[in-house]
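Working notes, structure below.
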Amino acid sequence: MIKGTFLAVLALSVVTPAASWAQRSACGERSSIVERLSNKYGESRRSMGLNHNNGVVEVFASEETGTWTILLTMPTGQSCLIAAGQNWESRTEEVAGKKSAI
């Protein structure tokens with residue numbers, strides 16, 4: 001489910017100010033990219049995981065601006081912006097068929 005959601009987000013991403021910045025400088029030092037996402041777009045890390053090549057995939061977003069960005073950092077240390085968009089909405093959904101512990 002999460003993999004499908006992630007792929008859907010990538011497929012449906014729309015161009016935003018963050019995306020146009022990504023097109024100009026798609027890869028660079030992670031700390032510089034994260035600082036820019038924070039200072040210019042108000043985005044902070046919302047989730048993270050490892051991809052099949054041991055790259056760290058992070059989703060940054062801002063509830064205030066509604067922007068979001070997906071950043072991939074490879075084991076070599078290089079970080080690249082993968083996608084960016086707008087209208088971010090935080091959600092927590094249960095897996096279909098699982099009962100809540102409460």
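Values below: all heavy atoms of this structure, side chains included; hydrogens, waters and symmetry mates excluded. All values reported here derive from a predicted model rather than from experimental measurement.
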When you check the side-chain N and O atoms of S62 and E64, is any donor under 3.5 Å from an acceptor?
-> no
Would you give the length of the straight line joining atom CG of L71 to atom CE of M48, rounded to the nearest 0.5 angstrom?
-> 10.5 Å
How far apart are the C-alpha atoms of W88 and V59, what are their side-chain angles, what is the distance that settles it, and do they pass the side chain to side chain contact (heavy atoms under 4.5 Å, CB included) test?
-> CA-CA 11 Å; W88 174 260; V59 177; 3.7 Å; yes
Between I33 and C27, the two heavy atoms sitting closest are CD1-C, 4.4 Å
E63 vs R46, side chain to side chain contact (heavy atoms under 4.5 Å, CB included): CA-CA, chis, key distance, verdict = CA-CA 10 Å; E63 297 290 338; R46 301 307 175 102; 3.3 Å; yes
Enter the distance from T69:OG1 to E43:CD here, rounded to the nearest 0.5 Å.
-> 3.5 Å
I would like to know whether T67 and L37 meet side chain to side chain contact (heavy atoms under 4.5 Å, CB included); could you show each step before the answer?
-> CA-CA 10 Å; T67 62; L37 293 174; over 6 Å; no
Mind checking whether I70 and M74 sit in one hydrophobic cluster, side chains of I, L, V, M, F, W, Y counted as touching below 4.5 Å?
-> yes
Please walk me through it: do V57 and L50 pass side chain to side chain contact (heavy atoms under 4.5 Å, CB included)?
-> CA-CA 6 Å; V57 177; L50 290 176; over 6 Å; no
Could you tell me whether a side-chain N or O of N51 sits under 3.5 Å from a main-chain N or O of N53, the two making a donor and an acceptor?
-> yes
Which is it for Q78 and T76 under the side chain to side chain donor-acceptor pair (under 3.5 Å) test, yes or no, and what are the steps along the way?
-> CA-CA 6 Å; Q78 182 177 27; T76 62; 4.9 Å; no
Co-membership, hydrophobic cluster, residues W68 and L72, 4.5 Å side-chain = yes
